[in-house]
Amino acid sequence: MADESNTLWNEDLAPTTAAQRTWRARHFAALWLGMVIAVPAYMLAAGLVEQGMSAGQAVWAVLLGNLIVLAPMLLIGHAGARHGVPYAVLARASFGWRGARLPALARAIVACGWYGIQTWIGGGALLTLLGVMVGARLDGPPVPLLGIGVGQLLAFLAFWLIQLAFVTKGLETVRKLETWTAPVKVVVCLALVWWALSKAGGLGPILHEPSAYDPGGAKAGRFWADFGPAVTAMTGYWATLALNIPDFTRFARTQKDQILGQALGLPGPMALLAAMSVVVTSATVLIFGKAIWDPVALSGDIGGVAVLLGLVIISLDTVSCNIAANLVGPAYDFAALWPRRITYRIGGWITAGIGVLIMPWKLLESTAGYIFVWLTGYGALLGPIAGILIVDYWILRRTVLDVPALYDRAGAYTYRAGWNPAALVAFAVGVAPNLPGFLHAAAPHAFASVGTPWTVIYQYAWFVGAILAGTLYGLLMHGKKPG
């Protein structure tokens, strides 16, 4: 496989060796804790509160969504731990060695969006930190066409450059950084909760904040109609990692390490963070008269030395979280598109570049846009891929892969000139029913004619896509000898 003429192989995509398998359960748990305790995850439950849910309702939505996404996380992660291959290579088994570029590119583009979002948040933390230090807002005059201030743009670009310094360090550095910073971030969140409780007069007033779904509320009688879509969006939050989790589990010492580490590191900490964020967000309604769902913006309103320390930690956290969650996967994915020319490092630079061009501040303009357009929207794209991978690996192949053939143009996964028509058809069918609803959600005025059932189908986009694509793929491949 190491032959220079092999265009499907490079050192970054090669199966991991025994010496590289150093990750234990505690490393996976710390990795997840580091990725979970982050501003975008905090904004999930906080956004649901801003949308009208009570604290308890928001926490249950987050917990349920993460319990659901843990299942594909473990199922797909099994392949990485067993065979040592990254997601972009695993996809060749079902899509073909050429066709695998489609799911790799789809996941990579979404991750670039997330990379840009995290960079925007990190830049915002830097700008707020400087503003607290000098006692003034530093947003600056608006930049034409971009819709943000000069100060915001400069802070965004500065944080973007800071992160590039870590791109060349590799996964081992990320693992060490997450292991050391994860406990510190929990302390920062607890400090924010303490501030909220002290200012709001304890937990009682916060928990008694009414829900918009209560009788007489603005959304009375609509709770279950909105709860399902909220859970779908919460599931979609980790839809990217559910696909490229083999990029991490391929370094697992044993299968038990990745299963136990992920089970401990994902649902529980997500529920804990959700509880913290809803307490703080609900408290801001009592303190400021409105829900403040962005903790960076909230820090600017609080002020003080403790906030300065918190903003420094948020900035450091965003670096480690962003690289682990949003750069590792697409770096491998871009490398898989052209293995002879694109290495992991170059793939990381491509990811960082697209993260700027995507203008991430547009994705965070409102809680509705963040949760129901961005999260649900890319779930519609990635759900079908998850369904296909799970059916192919677990049902058709019974977890058995011909690993050398994954790097062989003439191997068992060639299908038709490197494309598997069954996977392509299943993917298209899985995406298609969600497209009208997405267009309506993203541009309601332009697509006002789109109504039920398309809008209802879209509310459950990840599930619809995964079930449709997985079922159809299984039927189309039935009776065919797997590679």
Checklist outcome for this item: In short, ring pair (Phe, Tyr, Trp, His ring centres under 6.0 Å) pairs touching residues 47-79 with sequence neighbours left out are H78-Y393, H78-W394
Next on the checklist: Less than 4.5 Å apart, side chain to side chain, heavy atoms only: is that true for F248 and L241?
Outcome noted: yes
Item to check | Within residues 375-386 or reaching into it, pairs that qualify as side-chain hydrogen bond (donor to acceptor under 3.5 Å, both in side chains) - sequence neighbours excluded | outcome: W114-Y378
Checklist entry - Would V62 and V278 count as a side-chain contact (heavy atoms from CB on, under 4.5 Å) if you check the C-alpha gap in whole Å, the side-chain angles of each, and the deciding distance to 0.1 Å? => result CA-CA 11 Å; V62 172; V278 298; over 6 Å; no
Checklist outcome for this item: When rounded to the nearest 0.5 Å, the distance separating OG1 of T249 from CG of N244 is 9.5 Å
Checklist entry - How long is the gap from CZ on R107 to CG on L243, to the nearest 0.5 Å? => result 7.0 Å
Checklist outcome for this item: Residues passing the ring-ring contact (aromatic ring centres under 6.0 Å, His included) test with W361, sequence neighbours excluded, are W120, F156
Checklist entry - Looking at side-chain heavy atoms only, is the closest gap between L396 and Y473 below 4.5 Å? => result yes
Item to check | Selection residues 189-202 - residue pairs positive for side-chain hydrogen bond (donor to acceptor under 3.5 Å, both in side chains), sequence neighbours left out | outcome: none
Item to check | Heavy-atom closest contact (I76 atom, P246 atom, distance) | outcome: O-CG, 3.5 Å
Checklist entry - Hey, are the side chains of P103 and F95 touching, using non-hydrogen atoms and a 4.5 Å cut-off? => result yes
Checklist entry - Hey, are the side chains of V285 and T281 touching, using non-hydrogen atoms and a 4.5 Å cut-off? => result no
Item to check | Residue pair P360 / G355: nearest heavy atoms and the distance that separates them | outcome: CD-O, 3.6 Å
Item to check | side-chain hydrogen bond (donor to acceptor under 3.5 Å, both in side chains) partners for N66, two or more places apart | outcome: W238
Side-chain donor-acceptor contacts of residues 28-35 below 3.5 Å, not counting sequence neighbours, with atom names and distances?
{"from": "W32", "atom 1": "NE1", "to": "Q262", "atom 2": "OE1", "distance (Å)": "3.0"}

Item to check | Worked verdict on L130 versus L126 for side-chain contact (heavy atoms from CB on, under 4.5 Å) | outcome: CA-CA 6 Å; L130 292 174; L126 283 181; 5.6 Å; no
Item to check | pair L127-R137: side-chain heavy atoms closer than 4.5 Å | outcome: no
Checklist entry - With sequence neighbours excluded, what pairs up with R101 under the side-chain hydrogen bond (donor to acceptor under 3.5 Å, both in side chains) test? => result none
Using atom types as modelled, flag every donor-acceptor pair under 3.5 Å from a side chain in residues 36-54 to any protein atom, sequence neighbours excluded.
{"from": "E50", "atom 1": "OE1", "to": "T367", "atom 2": "OG1", "distance (Å)": "2.6"}
{"from": "Q51", "atom 1": "NE2", "to": "T367", "atom 2": "OG1", "distance (Å)": "2.7"}
{"from": "S54", "atom 1": "OG", "to": "Q57", "atom 2": "N", "distance (Å)": "3.3"}
{"from": "S54", "atom 1": "OG", "to": "Q57", "atom 2": "OE1", "distance (Å)": "3.3"}

Item to check | Residues forming a side-chain hydrogen bond (donor to acceptor under 3.5 Å, both in side chains) with D257, sequence neighbours excluded | outcome: R253, T254
Item to check | Any residue meeting side-chain hydrogen bond (donor to acceptor under 3.5 Å, both in side chains) with T119, in chain and number order, not counting sequence neighbours | outcome: Q163, N322
Checklist entry - Roughly how far, to the nearest 0.5 Å, is the OH atom of Y458 from the CZ atom of F372? => result 9.5 Å
Checklist entry - Roughly how far, to the nearest 0.5 Å, is the CZ atom of F463 from the CG atom of L468? => result 13.5 Å
Item to check | Criterion side-chain contact (heavy atoms from CB on, under 4.5 Å) on M477 and N420, from CA distance to verdict | outcome: CA-CA 10 Å; M477 292 293 289; N420 183 2; 3.8 Å; yes
Checklist entry - Would you say I109 and L381 make side-chain contact, with heavy atoms under 4.5 Å? => result no
Item to check | Minimum heavy-atom distance between A386 and W462, given as atom pair plus value | outcome: CB-CZ2, 4.2 Å
Compile the donor-acceptor pairs under 3.5 Å between side chains in residues 431-456 and protein atoms, sequence neighbours left out, one pair per line.
{"from": "N434", "atom 1": "ND2", "to": "A461", "atom 2": "O", "distance (Å)": "3.3"}
{"from": "H440", "atom 1": "ND1", "to": "F447", "atom 2": "O", "distance (Å)": "3.0"}

Checklist entry - Going by heavy atoms in the side chains, are Y87 and I245 under 4.5 Å from each other? => result no
Item to check | Backbone of S211 reached by a side-chain donor or acceptor of D214 within 3.5 Å | outcome: yes
Item to check | Reported CG-to-CG distance for the pair L70 and L75, which is rounded to 0.5 angstrom | outcome: 9.0 Å
Next on the checklist: Side chains of I467 and Y460, heavy atoms from C-beta outward: is any pair under 4.5 Å?
Outcome noted: no
Please tabulate, for side-chain N and O atoms in residues 220-234, each donor-acceptor pair with protein atoms closer than 3.5 Å (sequence neighbours left out).
{"from": "D226", "atom 1": "OD2", "to": "Y213", "atom 2": "OH", "distance (Å)": "2.8"}
{"from": "T232", "atom 1": "OG1", "to": "G228", "atom 2": "O", "distance (Å)": "3.0"}
{"from": "T232", "atom 1": "OG1", "to": "Q459", "atom 2": "O", "distance (Å)": "3.1"}

Checklist entry - Where do L138 and G131 come nearest, in terms of heavy atoms and distance? => result CD1-N, 3.7 Å
Next on the checklist: Testing the basics here: between I388 and A423, what is the closest heavy-atom pair and its distance to 0.1 Å?
Outcome noted: CD1-O, 3.6 Å
Checklist outcome for this item: Separation between CD1 (I358) and CD1 (I117), nearest 0.5 Å, reads 8.0 Å
Next on the checklist: For L63 versus A271, what's the shortest heavy-atom pair and its separation?
Outcome noted: CD1-CB, 3.8 Å
